[in-house]
Enquirer: 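Take a look at this one; I'll ask things after.
Residue numbering restarts at 1 for every chain, and letters A, B, ... go by the order of the sequence lines. All values below were derived from every heavy atom in this structure, side-chain atoms included, with hydrogens, water molecules and symmetry-related copies excluded.
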There are 2 protein chains.
Amino acid sequence: MTLIENLNWRYATKRMNGQAVPQDKLQNILTAIQLAPSCAGLQPYDVIVVSDKDVLKKISEEACQQPQILEGSHLLVFAAWKNLTADQVEEYINRIATTRNAPAESLDGFKANLMQFTQRTPEQNHNWAARQAYIGLGVAAVAAAHEKVDATPMEGFNPAVLDKVLGLEEKGLGSVVIMALGYRDEANDYLLGAKKVRRSTEDMFTIV
Amino acid sequence: MTLIENLNWRYATKRMNGQAVPQDKLQNILTAIQLAPSCAGLQPYDVIVVSDKDVLKKISEEACQQPQILEGSHLLVFAAWKNLTADQVEEYINRIATTRNAPAESLDGFKANLMQFTQRTPEQNHNWAARQAYIGLGVAAVAAAHEKVDATPMEGFNPAVLDKVLGLEEKGLGSVVIMALGYRDEANDYLLGAKKVRRSTEDMFTIV
């Protein structure tokens, strides 16, 4: 299937059938997220992969009551960094130097640029980090479709409660968007087979 | 090539060679953006596709001096809605009803939910819209790689100036991220062939 066919195949699955996503397919989706582009390559977000049924139940009861939480086999929680610290920049610069076998001094200019980010407010940095997480979400949606795994991105949850359930705040993380992975319930999903609704090319794109 | 191979092939191309992206490949990238998921399916962002050399020159001089602006053949400007209005929700609901041949009343509950979004501040809505645009950016990055087109996402530009150059403010739009499309300059791009630097699986993902 081509990429466009995959994107047409996918939809925001409303009901899933409980079938588990196999480990190799899950791994490919995670690898795609890991390879997703991000601002300056900083990847300022974590992904919590929840398949523990008790935790999913707690999330479903307390933070997000959509049925896919329990009917999917895995829930990806995209948790953006609450800030960007000098230590995180240092770690990244060292990792580049090690990975590329480059002298750290050759990265001084790049490092100085990144250090400027640490001067922004935590709120600015969290918003910026959240946007990078959404790139990961977009790539994950394509990767899931590529694996013929259904994926439902969701914003309709209580981030403060979810952060508490997963202990994210202590880790300097804040959940921004989640994605259930599983398989469509062909008998019960009212949205299955519904025609895709999209803005027209003329409306959405301006050619200059 | 698999999706993972495509993601490994792509990189944030620093220098492009001026070769133009063919129309069919560009079209596939735009279609992928159009099919990208978004919150409630609202697609609250436009994409300005700039290939006019004079406009690109102006953007390069005034808003973003990175060489890919002029060395690529097309610049995608992701411009998020500055707010979400009741009219926009109405239009969307009508479009769903028409596309799916559904009575508008059957969408009343959904519409009421979306109308709540219009009660948020313009700043909240613009931030929310920006995040949806970043999903589109992620999908576009995959689509470009799929087409073997190089793509460089960039945040390092002056949005206020870019908005002025493209007349976005009058349209209720604000640029949030841009992406140059073209072909890598194999002779002059220092980043070509550099090993990808990524956070480790253990660092980025938490299994629960």
Enquirer: What are the two closest heavy atoms between B:T99 and A:K196, and how far apart are they?
Expert: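 Scanning both residues, the minimum pair turns out to be CG2-O, 3.6 Å.
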Enquirer: Listed by residue number, which members of residues 110-128 of chain B have a heavy atom under 4.5 Å from any heavy atom of chain A?
Expert: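 B:N127, B:W128 fall under the 4.5 Å cut-off.
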Enquirer: Could you please state which residues from residues 29-53 of chain A sit under 4.5 angstrom from chain B, measuring non-hydrogen atom to non-hydrogen atom, sorted by number, or 'none'?
Expert: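 Against chain B, the residues of residues 29-53 of chain A that fall inside the cut-off (heavy atoms, under 4.5 Å) are A:L30, A:T31, A:A32, A:I33, A:Q34, A:L35, A:A36, A:P37, A:C39, A:L42, A:Q43, A:Y45, A:D46, A:V47, A:I48, A:V49, A:V50, A:S51, A:D52.
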Enquirer: Given a strict heavy-atom distance threshold of 4.5 Å, which part of B:N101 is in contact with chain A: side chain, backbone, both, or neither?
Expert: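 It is neither, since no heavy atom gets under 4.5 Å.
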Enquirer: Counting heavy-atom pairs under 4.5 Å to chain A, which of B:L3, B:L7, B:L56 comes out on top?
Expert: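 Heavy-atom pair counts peak at B:L3.
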Enquirer: Under 4.5 Å, heavy atom to heavy atom: which of residues 85-97 of chain A reach chain B? Give them by number, or say none.
Expert: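 So the qualifying residues are A:Y92, A:R95, A:I96.
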Enquirer: CZ/A:R131 to CZ/B:R131 distance, rounded to the nearest 0.5 angstrom?
Expert: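 Result: 8.0 Å between the selected atoms.
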Enquirer: Step by step, work out the side-chain contact (heavy atoms from CB on, under 4.5 Å) result for A:Q132 and B:E155.
Expert: CA-CA 11 Å; A:Q132 313 310 316; B:E155 287 184 332; 2.9 Å; yes
Enquirer: What parts of residues 137-149 of chain B touch chain A if we use heavy atoms and a cut-off under 4.5 Å?
Expert: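 Only B:L137, B:G138, B:V139, B:A141, B:V142, B:A143, B:H146 of residues 137-149 of chain B have a heavy atom under 4.5 Å from chain A.
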Enquirer: I'd like to know which of A:I207, A:I4, A:T2 tops the heavy-atom pair count under 4.5 Å against chain B.
Expert: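 Top option by heavy-atom pairs under 4.5 Å: A:I4.
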Enquirer: Please determine, among A:R199, A:H74, A:M154, the option with the most heavy-atom pairs under 4.5 Å with chain B.
Expert: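 Going by pairs under 4.5 Å, I would pick A:R199.
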Enquirer: Around atom NZ of A:K25, are there more than 12 heavy atoms from other residues, nucleotides or ligands closer than 6.0 Å?
Expert: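 Yes, NZ of A:K25 has more than 12 neighbouring heavy atoms, counting only those of other groups under 6.0 Å.
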Enquirer: If you count the non-hydrogen atoms of other residues, nucleotides and ligands that lie under 6.0 Å from CD in A:E62, is the total more than 12?
Expert: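 Correct, the count exceeds 12.
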